[in-house]
Protein chains: 2
Amino acid sequence: MSTGAVRVLLADDEHLIRGALAALLSLEDDLLVVAEAASGPEALAMARAHEPDVAVLDLQMPGADGVKVATSLRTELPGCKVLIVTSHGRPGHLKRALAAGVRGFVPKTVSARRLAELIRTVHAGNRYVDPELAADAISAGDSPLTAREAEVLEHAADGAPVAEIAERAALAEGTVRNYLSSAVTKLGAENRHAAVRLARERGWV
Amino acid sequence: MSTGAVRVLLADDEHLIRGALAALLSLEDDLLVVAEAASGPEALAMARAHEPDVAVLDLQMPGADGVKVATSLRTELPGCKVLIVTSHGRPGHLKRALAAGVRGFVPKTVSARRLAELIRTVHAGNRYVDPELAADAISAGDSPLTAREAEVLEHAADGAPVAEIAERAALAEGTVRNYLSSAVTKLGAENRHAAVRLARERGWV
DNA sequence: CACCCGGCATGACAAATGTCAGAGACCGGT
DNA sequence: ACCGGTCTCTGACATTTGTCATGCCGGGTG
């Protein structure tokens, strides 16, 4: 079994890409696509049913994103290595992914041949993170926000007025403004909305 | 020549997808991928060099998006039909695309086989728009915003303060506030930031 | 223990934003 | 030529938001 083909699960909501990828990976003698999924929950179900060696997950999928699926797989199928592919490499996601026990994290700009190599790499027990994404994550550093600051900023994400945030967080309006101000200062933003964008980009909310 | 293979240009910034797609389309006897591009400008250059029959363009690419490329192609290579594929189907983009003379507009959730069919469809001179995207566009309706309202809202998109918007648009601050207020009311939003989001979703900015 | 530091929380004040009523320009219809 | 409507633009006013000084609590350090 260890010398047999690597059994692969493919999960991506874009049928066009998933199908094309399945076809290309099938050209590799030592890779076998045993299941495909178009959503997070479906990916989990397929993984339980087929117990693949490697799961190739898109980061953004309906239902549950790649990292959430990886977290569930971590406990349910410890032997299944997870490789995440993504279009928009946001630093915070990489951090979350590694915390979830993901073994590989690459942007979709890699070639199919390279992806096949990486599937073998993670199957062999090694890790691989795209160097550019890693650099971004390192330069972004850890979140300087305290728990409350992050919480309030999250509530402010959809442009809600302070009164609404205060109610949802059970705080006085002045307090909410205070946390927002503090977060804005720490992030070096012009106002809270720019702060939300920045925190999003760095994956801190 | 009219009975020969359809010459196709493929443009998508995600190498993984572009390569996979090229491989799958090559399996079709009557389709021939003659060029690939990873950015808007590159797509234009490739189109000039190879004069394809059909250009399959991703909507979101670095440099110039699919619609911009289509606009340029419209005048430079009138014989080249354009088919746009997209991950996130935002209604306004569809409208812009049709105005730019695009012949087909589909989400990436279609299968490769279906895409091959559609390439033949547009090459034959017919149009095709994904029914679901079309329904969204119709239900979204036309933009209720006036030219100035849309312009001001666009300047406000990145969370800039009113003073900055006023300077960039060469208007008094009061006027800017007025346009923003009007736009917010028309869109039924709580504040200008929510208004920006809504307008974005509907493709009105 | 006494001390200091950082996070949490608040209200008061200053600054930015949202709302309003109204004046002039332009266009299409009568 | 006239009128009604819409778009454009403005300043004045009310509301919301951002900033500041301050007090409280708990966790480390000397």
Side-chain angles (χ1 to χ4, degrees), chain A residues 92 95-96 99 140-205, chain B residues 92 95-96 99 140-205:
Chain A
K95 204 161 295 181
R96 278 200 307 137
D142 274 340
S143 172
L145 303 175
T146 68
R148 283 283 185 280
E149 284 164 358
E151 181 189 346
V152 170
L153 201 56
E154 206 158 355
H155 280 129
D158 54 354
V162 171
E164 198 176 316
I165 302 172
E167 192 179 4
R168 283 197 277 182
L171 289 175
E173 295 193 10
T175 309
V176 170
R177 285 198 279 275
N178 185 242
Y179 282 136
L180 286 174
S181 177
S182 158
V184 164
T185 303
K186 284 180 179 175
L187 296 176
E190 282 297 319
N191 55 47
R192 67 160 125 158
H193 305 283
V196 167
R197 265 197 312 114
L198 284 173
R200 278 256 150 89
E201 283 171 17
R202 291 167 167 66
W204 290 339
V205 293
Chain B
K95 205 162 294 180
R96 279 200 306 137
D142 273 340
S143 171
L145 304 175
T146 68
R148 283 282 185 280
E149 285 164 358
E151 182 190 344
V152 170
L153 201 58
E154 203 158 356
H155 281 128
D158 54 353
V162 171
E164 198 176 316
I165 302 172
E167 191 179 4
R168 282 198 276 183
L171 290 174
E173 294 193 12
T175 310
V176 170
R177 283 198 280 274
N178 185 240
Y179 282 136
L180 286 174
S181 176
S182 158
V184 165
T185 304
K186 283 180 179 174
L187 296 176
E190 282 297 319
N191 55 45
R192 66 159 128 160
H193 305 283
V196 166
R197 265 197 313 112
L198 285 173
R200 277 257 148 90
E201 282 171 18
R202 291 167 168 65
W204 290 338
V205 293

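Order of the sequence lines fixes the chain letters, A, B, ..., with proteins taken first and strands second; residue numbering starts at 1 for each chain.
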Next on the checklist: Under a 3.5 Å distance rule, please check whether A/E164 uses its side chain to pair with a backbone N or O of A/P161 as donor and acceptor.
Outcome noted: no
From CG of A/N191 across to C1' of D/dT19 the rounded distance in Å is 14 Å
To the nearest angstrom, the CG-P distance between A/N178 and C/dG6 comes to 16 Å
Among D/dT8, D/dT17, D/dC9, the one nearest any side-chain atom of B/A147 is D/dT8
Separation of C/dT10 atom P from A/Y179 atom OH, nearest Å, is 8 Å
Review point. Does the side chain of B/L153 reach to within under 4.5 Å of the side chain of B/W204, using non-hydrogen atoms?
Key: no
Separation of C/dG18 atom C1' from B/H193 atom NE2, nearest Å, is 11 Å
A/E190 CD to C/dA16 C1', in whole Å, measures 13 Å
Picking from C/dT10, D/dT17, D/dT8, the nucleotide nearest the side-chain atoms of A/R177 would be D/dT17
*asked:* Looking at C/dG6, I'd like to know if its phosphate oxygens (OP1 or OP2) sit under 4.0 Å from a side-chain N or O belonging to A/T146.
replied: no
Practice problem: In sequence, state the C-alpha distance, the side-chain angles, and the governing distance for B/N178 and B/R148, and then conclude on side chain to side chain contact (heavy atoms under 4.5 Å, CB included). | Solution: CA-CA 11 Å; B/N178 185 240; B/R148 283 282 185 280; over 6 Å; no
Atom CG of A/L171 and atom P of D/dC24 are separated, to the nearest Å, by 19 Å
Notebook entry, point to check: Hey, is the side chain of B/R148 poking within less than 4.0 Å of OP1 or OP2 on D/dC7, counting only N and O atoms?
Noted result: no
Checking D/dT19, C/dT19, C/dC8 against the side chain of A/S181 (C-beta onward), the nearest is D/dT19
Take B/L171 and B/H155, measure what side chain to side chain contact (heavy atoms under 4.5 Å, CB included) needs, and give me the verdict at the end. CA-CA 12 Å; B/L171 290 174; B/H155 281 128; over 6 Å; no
A/H155 atom NE2 is separated from D/dT17 atom C1', nearest whole Å, by 19 Å
Whole-Å distance, A/R192 CZ to C/dT17 C1', equals 11 Å
Comparing nearest nucleotides in DNA chain C, the 5'-proximal residue of the pair A/A170, A/K186 is A/K186
